Novice: 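Below is a structure I'd like to ask you about.
Fair warning: this is a prediction, and the values are worked out from it, not measured in the lab.
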Amino acid sequence: MSEGVGTEAPISLAVVDDDPMVRAALGMMLGGSSGIRVVAEAGDGEEALRVVPSSGADVVLMDIRMPVRDGLSATEELLRAHPDLRIIVLTTFDTDDMVLRALRTGAAGFLLKDTKPARLVEAIRTVASGQPMLSPSVTAQLIAAVTRDGTDPESRDRGRTARTALAALTERERDVADGVARGLSNAEIAAELFMGVPTVKTHVGRLFAKLGVENRVQVAILVHDAQA
């Protein structure tokens with residue numbers, strides 16, 4: 001990975017999509033953006049496993065539905081071998097369950113394919129700086145679509161596991177976790193809970209350690225699993 005992500009160095013980006021036109025459009029749009037450099041492209045998940053690790057990419061835009069190997073499987077493999085890689089899943093509303101599975105594996109977030117260019121650039125910069133993209137409105141819809149039926153054994157098991165994990169938190173940590181689950185930023189959580197932003201950051205770090213997660217998206221999913 002390139003040095004200095006989030007500072008002066010350009011963000012190295014890999015684009016993985018089975019549509020050549022989409023790849024070309026993203027490459028042209030993002031390659032011309034200040035501070036973002038497209039270093040690799042792949043047409044399916046299998047190719048992504050070959051080209052992304054050696055490309056020096058910091059962030060990957062990963063389509064979910066692709067031939068040969070889908071984006072979800074590729075995301076799991078890449079993050080298993082390269083946990084510092086930031087992967088943003090590209091999706092549409094009809095892939096709710098796959099998006100949540102991707103987020104549970106540690107993907108840094110997701111974007112709809114019709115996301116406006118400025119928002120896409122913002123998302124890439126956000127995840128490169130270590131903050132996952134967690135849109136409150138869209139994430140809530142996706143999580144609700146997957147967790148609305150908590151009667152199946154898998155949902156019940158996830159719910160029990162999540163409730164056990166959250167029980168280890170202090171009351172204040174749980175308040176912060178709830179804010180994270182609603183997609184609030186550290187500043188918004190601080191304002192709502194009458195805390196300083198540095199204090200919120202400290203609590204978020206403790207959440208990661210206590211819950212055994214790597215990012216805010218996974219905190220949010222645990223909170224929603226516990227409520228299922």
Side-chain angles (χ1 to χ4, degrees), residues 1 5 11-33 35-53 55 57-80 82 84-143 145-146 183 214-218 220-221:
M1 311 304 160
V5 176
I11 298 165
S12 296
L13 177 73
V15 178
V16 183
D17 195 292
D18 64 326
D19 188 333
M21 293 184 66
V22 171
R23 294 200 307 274
L26 287 171
M28 289 177 60
M29 178 178 68
L30 298 171
S33 174
I36 298 176
R37 179 168 53 102
V38 179
V39 296
E41 294 183 9
D44 60 64
E46 195 65 35
E47 185 179 7
L49 296 182
R50 294 195 302 270
V51 305
V52 170
S55 70
D58 304 303
V59 178
V60 181
L61 289 181
M62 177 77 74
D63 188 19
I64 283 186
R65 296 193 182 280
M66 296 182 292
V68 186
R69 182 189 287 264
D70 63 73
L72 180 58
S73 173
T75 294
E76 292 171 339
E77 288 292 326
L78 284 171
L79 290 176
R80 187 177 298 118
H82 308 280
D84 291 336
L85 194 62
R86 310 288 183 181
I87 298 181
I88 301 174
V89 172
L90 294 173
T91 186
T92 55
F93 275 118
D94 64 351
T95 56
D96 298 354
D97 57 333
M98 298 184 75
V99 171
L100 262 293
R101 287 174 57 198
L103 296 181
R104 286 192 175 100
T105 70
F110 67 88
L111 293 172
L112 301 180
K113 281 197 170 182
D114 61 357
T115 298
K116 294 181 178 180
R119 179 63 169 164
L120 183 57
V121 169
E122 177 190 356
I124 292 168
R125 288 175 175 161
T126 297
V127 301
S129 72
Q131 296 296 320
M133 280 303 296
L134 186 60
S135 166
S137 59
V138 180
T139 298
Q141 293 178 45
L142 291 171
I143 291 176
V146 177
E214 297 180 358
N215 60 49
R216 298 167 78 95
V217 172
Q218 292 174 317
I221 290 173

Novice: Quick one: are Leu26 and Leu13 in side-chain contact, heavy atoms under 4.5 Å?
Specialist: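 Result no, sub-4.5 Å side-chain heavy-atom pair not found.
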Novice: Please round to the nearest 0.5 Å and tell me the distance separating atom OG1 of Thr75 and atom CD1 of Ile64.
Specialist: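 Nearest 0.5 Å value for the OG1-CD1 distance: 7.5 Å.
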Novice: How long is the straight-line distance from CG of Asp18 back to CG of Asp70, given to the nearest 0.5 Å?
Specialist: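 Reported to 0.5 Å precision, the distance equals 11.0 Å.
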Novice: Closest approach of Ala123 and Ile88, non-hydrogen atoms and distance?
Specialist: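 Closest approach of Ala123 to Ile88, heavy atoms only: O-CD1, 4.0 Å.
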Novice: Compare every heavy atom of Val52 with every heavy atom of Ala14, then report the nearest pair and how far apart it is.
Specialist: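 Shortest heavy-atom contact: CB-CG2, 4.1 Å.
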Novice: Might you point out which heavy atoms bring Ile11 and Ala128 nearest each other, and give the distance in Å?
Specialist: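 Residues Ile11 and Ala128, closest heavy atoms: CD1-CB, 3.7 Å.
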Novice: Can you list everything that forms a salt bridge (Lys or Arg N to Asp or Glu O under 4.0 Å) with Glu41? Sequence neighbours excluded, please.
Specialist: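 Glu41 satisfies salt bridge (Lys or Arg N to Asp or Glu O under 4.0 Å) with Arg23 only.
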Novice: Could you tell me whether a side-chain N or O of Asp58 sits under 3.5 Å from a main-chain N or O of Ser12, the two making a donor and an acceptor?
Specialist: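 Yes; judged by distance alone, with no hydrogens or angles, the pair exists.
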Novice: Is the shortest heavy-atom distance from the side chain of Leu61 to the side chain of Leu120 under 4.5 Å?
Specialist: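 With C-beta onward as the side chain, the pair touches.
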Novice: Go through the structure and list residues passing side chain to side chain contact (heavy atoms under 4.5 Å, CB included) with Gln218, not counting sequence neighbours.
Specialist: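 For Gln218 the side chain to side chain contact (heavy atoms under 4.5 Å, CB included) partners, ignoring immediate neighbours, are Val213, Glu214, Asn215.
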Novice: From Ile124 CD1 over to Ile36 CD1, what is the distance, rounded to the nearest 0.5 angstrom?
Specialist: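 Between atom CD1 of Ile124 and atom CD1 of Ile36 there are 4.5 Å.
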Novice: Taking only residues two or more places apart in sequence, or in another chain, which ones meet Arg69 in a side-chain hydrogen bond (donor to acceptor under 3.5 Å, both in side chains)?
Specialist: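 side-chain hydrogen bond (donor to acceptor under 3.5 Å, both in side chains) list for Arg69, sorted by chain: Glu46, Ser73.
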Novice: Report yes if the side chains of Leu49 and Leu78 come closer than 4.5 Å at any heavy-atom pair, otherwise no.
Specialist: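 Side-chain contact under 4.5 Å: yes.
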Novice: Identify the heavy atoms of Asp44 and Met66 that sit nearest to each other, and give their distance.
Specialist: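 Here Asp44 and Met66 meet closest at CA-SD, 3.7 Å.
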Novice: Under the side-chain hydrogen bond (donor to acceptor under 3.5 Å, both in side chains) rule, collect the residues that match up with Thr126, sequence neighbours excluded.
Specialist: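 Not a single residue meets the side-chain hydrogen bond (donor to acceptor under 3.5 Å, both in side chains) criterion with Thr126.
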Novice: For Val39 and Ser55, which heavy atoms make the closest approach, and how far apart are they?
Specialist: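 It is CG2-O, 3.7 Å.
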Novice: Distance from Leu79 atom CG to Ile87 atom CD1, nearest 0.5 Å?
Specialist: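 Result: 4.0 Å between the selected atoms.
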Novice: Can Arg80 and Glu77 be counted as an ion pair, charged N to O under 4.0 angstrom?
Specialist: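 Looking at Arg80 and Glu77, the cut-off is met.
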